[in-house]
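Below, chain A is the first sequence line, B the second, and so on; all start at residue 1.
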Number of protein chains: 2
Amino acid sequence: MKKQSLNKNNYDASVFDRPSLTVDIVLFSIENNDLKTLLIKRNIWPYKNHWALPGGFVKPKETLEQTAARELKEETGLSLSFSEQLYTFSKIDRDPRTRVITVAYFALMPNTNSKLNPTTDASAAAWHSIKKLPDLAFDHQEIIQYALQRLRSKLYYSNIVKGLLAKDFTMSQLQATYEIVLGKKLDKRNFRKKMHSLNLFVKTGKKQLDGSHRPAELYHFKNRKLVYFA
Amino acid sequence: MKKQSLNKNNYDASVFDRPSLTVDIVLFSIENNDLKTLLIKRNIWPYKNHWALPGGFVKPKETLEQTAARELKEETGLSLSFSEQLYTFSKIDRDPRTRVITVAYFALMPNTNSKLNPTTDASAAAWHSIKKLPDLAFDHQEIIQYALQRLRSKLYYSNIVKGLLAKDFTMSQLQATYEIVLGKKLDKRNFRKKMHSLNLFVKTGKKQLDGSHRPAELYHFKNRKLVYFA
DNA sequence: TGAATAGTGTCTTTCAGACAATATGCC
DNA sequence: GGCATATTGTCTGAAAGACACTATTCA
């Protein structure tokens with residue numbers, strides 16, 4: 001196979017007589033009470049110097065999930081815990097190089113303040129608030145909006161919020177996470193009534209003491225896996 | 001590009017140093033009060049003489065939706081009205097030829113008793129009850145089950161049932177369609193109360209007279225498009 | 001004892017689910 | 001009038017949503 005070149009003039013599209021396939025990852029996390037997504041800064045054509053979702057080409061011997069994990073690791077140094085397939089985007093001109101179809105994945109991680117270590121095709125990696133995203137490469141804006149919808153709706157019928165929380169958490173932290181993602185305030189009593197009725201949590205017995213006020217019970221999820229409840 | 005050959009011994013996998021991409025279509029329709037899906041009988045290796053979902057390789061200049069419509073037309077003679085993307089299946093060994101990733105689409109059509117006209121890779125095309133499917137090629141059994149889940153759950157929060165009905169229909173026909181797809185009986189009064197509360201239908205003014213009993217009001221959908229209501 | 005956050009219960013409204021009698025047309 | 005299907009309303013229980021006070025710790 002011919003080597004793929006790196007700018008518009010000597011780009012050989014004949015290499016691609018079938019569509020190429022990539023995986024892109026929308027990784028969400030909460031930082032400073034704000035929902036953020038991880039972007040990398042491209043240092044090659046096309047969209048050089050634009051921010052983009054981490055992602056890359058699928059290798060013949062790896063599953064799409066493996067591609068997602070590998071690319072995220074390569075481009076940011078982060079490891080993937082929870083992820084699920086989002087949608088496959090296939091507009092004909094979404095990539096100026098040639099026909100590229102991308103399977104988008106959506107992933108969550110708790111706030112860990114991990115240092116980001118971009119390598120390869122990225123000159124930088126950074127968390128961006130979903131409230132003010134920069135100009136993005138390709139159709140990545142659309143992909144992020146799709147992922148955000150999916151995340152928001154899954155809050156209502158699954159324990160997906162787990163992906164954004166540390167192992168142990170307080171009911172206040174849980175509620176704050178819902179509020180940040182949904183972008184609206186929730187009633188404290190109704191929220192707790194609902195959450196307790198779901199029977200998804202157990203008390204750890206520990207309490208969180210952090211200031212001059214009543215300490216909060218710490219909970220964790222009963223189930224290791226994603227659970228649907230509606 | 002080398003021509004692809006047709007049996008295991010002289011199959012040249014080096015043609016595929018990147019994953020190949022196909023589209024498969026799960027087309028549902030109701031026939032004789034039974035939910036059926038359209039299958040074709042393969043007349044080439046692999047899975048020769050097995051039933052399989054209609055589908056095929058994505059061409060460079062077509063969208064996935066166009067691939068779906070083209071393949072369905074080629075293999076069955078049918079035209080696609082409603083369809084939506086289902087999921088992308090990518091297990092490494094799902095296709096014995098080489099690495100093939102497939103984007104599954106799920107589609108609906110009203111019962112039209114259209115004659116099926118298989119061509120190209122199919123020696124036959126036929127509707128099969130989802131209650132007793134034959135041995136299927138590839139991972140197509142899994143794909144159909146996934147599509148069926150999607151269809152069933154969408155009945156509860158969208159007007160997707162439209163895809164299975166003629167333009168005008170009675171409330172009894174609507175309810176029967178729900179019952180066939182869900183595989184369970186529903187209460188007539190509660191069903192109608194709910195449906196009318198959704199405000200999705202208008203009376204056509206016409207009535208269906210078909211036998212020695214009270215004629216039924218004919219309705220049609222207000223909205224041309226898919227509408228979500230929950 | 002004042003400041004800050006944690007934790008809890010009642011009332012009202014809405015919706016799902018159980019349930020049966022009347023209406024209309026054809027023979 | 002008899003048969004077959006169409007059409008309609010009430011009651012009950014469960015859950016969502018509005019709403020305010022007490023509990024605990026620390027300074």
Discussion item. Within the supplied structure, the quantity of interest is the number of heavy atoms (other residues, nucleotides, ligands) at a distance under 6.0 Å from Asp135(A) CG; does it exceed 12?
Written reply: no

Q | Donor on one side chain, acceptor on other, Asn199(B) and Lys222(B), under 3.5 Å | A | yes

From the candidates dT24(C), dT25(D), dA16(C), the one with an atom nearest any side-chain atom of Lys194(B) is dA16(C)

When Gly211(A) and Ser212(B) are each assigned the nearest nucleotide of DNA chain D, the 5'-most assignment goes to Ser212(B)

note: Arg214(B), atom CZ; dA21(C), atom P; distance rounded to Å ~ 17 Å

Leu174(B) CG to dT5(D) P, in whole Å, measures 18 Å

* Given dA15(D), is OP1 or OP2 found less than 4.0 Å from the side-chain N or O atoms of Lys193(A)? -> no

Whole-Å distance, Asp210(B) CG to dC26(C) P, equals 11 Å

note: His213(B), atom NE2; dT7(D), atom C1'; distance rounded to Å ~ 14 Å

Separation of dA16(D) atom P from Leu198(A) atom CG, nearest Å, is 8 Å

Is there a side-chain contact between Ser172(A) and the phosphate of dA6(C), meaning an N or O under 4.0 Å from OP1 or OP2?
yes

Consider only side-chain N and O atoms of Asp34(A) and Ser129(A), and report whether a donor and an acceptor are under 3.5 Å apart. yes

In whole angstroms, the gap separating P of dT10(C) from CZ of Arg189(A) amounts to 12 Å

In whole angstroms, the gap separating C1' of dG7(C) from CD of Gln173(A) amounts to 15 Å

Considering only heavy side-chain atoms of Asn190(A), the closest of dG25(C), dT7(D), dC19(D) is dC19(D)

In whole angstroms, the gap separating P of dA16(C) from NZ of Lys184(B) amounts to 13 Å

Taking dG25(C), dT8(D), dC19(C) as options, the one with an atom nearest any side-chain atom of Lys188(B) is dT8(D)

dist Gln149(A):CD -> Ile144(A):CD1 (nearest 0.5 Å) comes out at 13.0 Å

- Task: Say whether Thr170(B) and Gln208(B), considering side chains only, have a donor N or O and an acceptor N or O under 3.5 Å apart.
- Result: no

